[in-house]
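Predicted model only: the values in this text are computed from it and were never measured. Computed from heavy atoms alone, side chains included, the values below leave out hydrogens, waters and symmetry copies.
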Amino acid sequence: MDAIWLQIVQWLHSVGLHMDGNTVREVAEGAKHVTEKLDMTSMMALAAALGWASGFRLYAVVFLVGAMGAAGWFPLPAGLSVLQNPVVLAVSGFMLLVEFFADKIPWFDSLWDSINAFIRVPAGAALAAGVFGADNASMAVAAGLLGGTLSATSLATKMTTRAAANTSPEPFSNWGLSFLEDGLVVGTVWLATQYPVAFAVALVIAIILSVIVLVVLFKFLRAVWRRLSGSFSDSERKVV
């Protein structure tokens with residue numbers, strides 16, 4: 001890295017642009033910091049986080065990552081730089097607010113998730129692939145497959161959990177799950193960008209828990225459906 005910057009400085013001198021030693025060191029340190037931030041571990045963690053979190057809150061993910069890039073809190077890869085565009089931030093911020101309130105309404109949240117299921121999974125795959133961009137096509141394809149799979153997994157967990165919660169007449173369990181998901185998305189993006197290794201461990205645990213939740217709640221919902229079907233059948237027999 002130092003050799004590269006030495007060549008750049010020499011070239012600048014050759015075209016008449018002179019930089020003092022302190023400036024050169026500051027620029028080199030800044031470039032080193034960005035490079036360390038975007039090493040392979042960080043990029044894979046970011047790709048996985050974008051896919052996983054998109055299954056819960058796509059618009060929140062787009063807005064948070066874009067805002068972090070625009071504020072200079074985290075250097076975005078070239079493939080994701082569009083997220084910090086003011087127009088993208090405005091649209092994603094507006095949709096974030098819409099989804100925030102829509103997700104707090106029992107049963108409507110399930111309808112909202114069903115509609116957005118066709119958006120979240122491909123969007124999660126696209127965001128994950130965007131971490132590597134066109135410059136690294138093979139890694140972009142791998143990240144896209146990973147992101148799409150993780151997005152589908154988290155979406156399935158969310159929809160199943162919400163469907164189970166909506167069988168209860170009280171709204172508090174639904175609200176609690178919704179706020180939990182809000183915090184989960186923020187925590188996922190923060191952990192992946194700051195502590196990628198810790199995020200990888202947390203993600204493995206989350207996937208295991210998701211599988212357990214899906215199995216348990218699927219059996220629960222199937223039992224509920226059977227009871228409802230039995231009730232409807234009994235009612236029809238009484239009418240006849």
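- Taking the side chain as every heavy atom from C-beta outward, V131 and L50 approach each other to under 4.5 Å.
- Exactly one of D103, T161, D109 qualifies for a side-chain hydrogen bond (donor to acceptor under 3.5 Å, both in side chains) with N174. That residue is D109.
- The side-chain heavy atoms of L127 and V65, taken from C-beta on, include no pair separated by under 4.5 Å.
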Taking it one step at a time, do L111 and W107 satisfy side-chain contact (heavy atoms from CB on, under 4.5 Å)? CA-CA 7 Å; L111 176 61; W107 291 112; over 6 Å; no
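- Donor-acceptor pairing under 3.5 Å is recorded for the side chains of R57 and S178.
- Contact check for M44 versus P196: no side-chain heavy atoms found under the 4.5 Å cut-off.
- Annotation: side chain of M68 is in contact with side chain of V189 (closest heavy-atom distance under 4.5 Å).
- At least one side-chain heavy atom of F100 sits under 4.5 Å from a side-chain heavy atom of F179.
- Nearest heavy atoms, A70 versus L89: CB-CD1, 4.1 Å.
- Nearest approach of G130 to P77, heavy atoms of both residues: O-CB, 4.4 Å.
- Here the CD1-CG distance, from I205 to L209, works out to 7.5 Å after rounding to the nearest 0.5 Å.
- L150 is listed as a side-chain neighbour of I207, based on a closest heavy-atom distance under 4.5 Å.
- Residues M139 and M40 are in side-chain contact: their nearest non-hydrogen atoms beyond the backbone lie under 4.5 Å apart.
- Expressed to the nearest 0.5 Å, how far OG of S154 lies from CE of M159 amounts to 11.5 Å.
- L184 and V201 fall into different hydrophobic clusters, defined by Ile, Leu, Val, Met, Phe, Trp and Tyr side-chain heavy atoms under 4.5 Å apart, directly or through other members.
- A salt bridge links D182 with K104; the closest basic N to acidic carboxylate O contact falls under 4.0 Å.
- In the hydrophobic cluster analysis, where Ile, Leu, Val, Met, Phe, Trp and Tyr join through side-chain heavy atoms closer than 4.5 angstrom, L80 is grouped apart from L145.
- No donor-acceptor pair under 3.5 Å is formed between the side chain of S151 and the backbone N or O of G148.
- Under a hydrophobic clustering in which Ile, Leu, Val, Met, Phe, Trp and Tyr are joined whenever their side-chain heavy atoms come within less than 4.5 Å, directly or via other members, Y59 and V82 fall into the same cluster.
- Rounding to the nearest 0.5 Å gives a distance of 8.0 Å between CG of L146 and CG of L203.
- In this pair, W52 and F56 present their aromatic rings perpendicular. The plane angle is above 60°, beyond the 30 to 60° band.
- Of the residues Y195, F74, F199, the one that meets the ring pair (Phe, Tyr, Trp, His ring centres under 6.0 Å) test with W190 is Y195.
- Residues L214 and T160 approach most closely at CD2-OG1, 3.5 Å, considering heavy atoms.
- Of all heavy-atom pairs spanning V87 and N85, the tightest one is N-OD1, 2.8 Å.
- Closest approach of S81 to A78, counting heavy atoms only: OG-O, 2.9 Å.
- One hydrophobic cluster holds both V98 and I105 under the rule that ILVMFWY side chains link at heavy-atom gaps under 4.5 Å.
- In terms of heavy atoms, L177 sits closest to A165 at CD1-CB, 3.7 Å.
- Under the 4.0 Å criterion applied to side-chain N and carboxylate O atoms, D113 and R162 are not assigned as salt-bridge partners.
- For the atom pair L155 CG and F118 CZ, the distance stands at 10.0 Å (nearest 0.5 Å).
- Residue M95 holds its CE atom at 6.5 Å from CG of N116, rounded to the nearest 0.5 Å.
- E99 contributes atom CD, which lies 6.0 Å from atom CH2 of W112 (distance to the nearest 0.5 angstrom).
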